[in-house]
Visitor: 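Take this structure, written in structure tokens, and hold onto it; I'll ask about it next.
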Amino acid sequence: TLVISKRFTRDVLVGKKCIPTARLINGAGAGVLPGTPCVIKDVVRGKGITIETEPCPCCGQFARISHISRNDLEIVPEVAILGE
């Protein structure tokens with residue numbers, strides 16, 4: 001995993017997979033634990049990063065959390081396809 005550099009712009013980060021390094025809770029009380037797979041949905045200067053978890057395969061529930069610091073997330077590197 002890679003720490004998110006301040007040089008990465010919104011265009012670079014939106015759509016990237018990430019994992020929280022700390023416990024995160026949104027305003028509605030939904031939370032995610034460190035290591036939960038997420039996707040970056042938006043980045044707003046001065047407001048932080050918005051992430052969304054993958055939907056639960058059983059119930060379809062997911063969490064969307066905003067105002068997250070770059071220090072609380074790590075980018076998950078793209079994995080090369082075996083055999084290439």
Visitor: Within this structure, what is the CD-CD1 distance for the pair Glu52 and Ile65, rounded to the nearest 0.5 Å?
Guide: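 If we round to the nearest 0.5 Å, Glu52:CD and Ile65:CD1 are 10.5 Å apart.
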Visitor: First locate atom CG of Asp72, then atom CD1 of Ile19, and finally report the distance between them rounded to the nearest 0.5 Å.
Guide: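 It is 12.0 Å, given to the nearest 0.5 Å.
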Visitor: How many angstroms lie between OG1 in Thr21 and CZ in Arg70, if you round to the nearest 0.5 Å?
Guide: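 Taking OG1 in Thr21 and CZ in Arg70, the distance rounds to 14.0 Å.
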Visitor: What I'd like to find out is whether the side chain of Val76 reaches to under 4.5 Å of the side chain of Lys16, using heavy atoms alone.
Guide: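 The answer is no; the side chains never approach within 4.5 Å.
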Visitor: Once rounded to the nearest 0.5 Å, what's the spacing between atom CG of Asn26 and atom OG1 of Thr50?
Guide: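 If I round to the nearest 0.5 Å, the distance is 10.5 Å.
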Visitor: So how far is it from Ile51 CD1 to Ser66 OG, rounded to the nearest 0.5 Å?
Guide: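 Spacing of CD1 (Ile51) from OG (Ser66) equals 9.5 Å.
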Visitor: Do any N or O atoms from the side chain of Arg10 and from the backbone of Asp42 form a donor-acceptor pair under 3.5 angstrom?
Guide: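 Not at all, since once roles are kept as given, no pair shorter than 3.5 Å links the two residues.
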Visitor: Is there a donor-acceptor pair closer than 3.5 Å between any side-chain N or O of Thr53 and the backbone N or O of Cys38?
Guide: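 No, Thr53 side chain to Cys38 backbone: no donor-acceptor pair under 3.5 Å.
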Visitor: Show, in sequence, the C-alpha distance, side-chain angles and deciding distance for Ile75 and Ile40, and conclude whether the side-chain contact (heavy atoms from CB on, under 4.5 Å) test is met.
Guide: CA-CA 9 Å; Ile75 295 287; Ile40 296 176; 3.9 Å; yes
Visitor: Grab the two heavy atoms, one from Leu73 and one from Pro20, that are nearest each other, plus how far apart they are.
Guide: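 So the minimum-distance heavy-atom pair works out to CD2-CA, 3.8 Å.
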Visitor: Verify the cluster assignment for Ile68 and Phe8: are they in a single hydrophobic cluster under the rule of side-chain heavy atoms below 4.5 Å apart?
Guide: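 In one cluster: yes.
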Visitor: State yes or no: do Val12 and Val43 share one hydrophobic cluster built from I, L, V, M, F, W and Y residues joined by side-chain heavy-atom distances below 4.5 Å, directly or via other members?
Guide: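 Yes, because Val12 and Val43 connect within a single hydrophobic cluster, where side-chain heavy atoms sit under 4.5 Å apart.
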Visitor: Which pair of heavy atoms, one from Pro55 and one from Gly60, lies closest together, and at what distance?
Guide: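 Looking at all heavy atoms of both residues, the closest pair is CB-O, 3.8 Å.
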Visitor: Specify the closest pair of heavy atoms between Val32 and Ala63, including all atoms of both residues, with the distance to one decimal.
Guide: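 The pair with the smallest heavy-atom distance is CG1-CB, 4.3 Å.
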Visitor: If we only count heavy atoms from C-beta on, is the Leu24 to Thr36 side-chain gap below 4.5 Å?
Guide: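 They are not in contact (no side-chain heavy atoms under 4.5 Å apart), so the answer is no.
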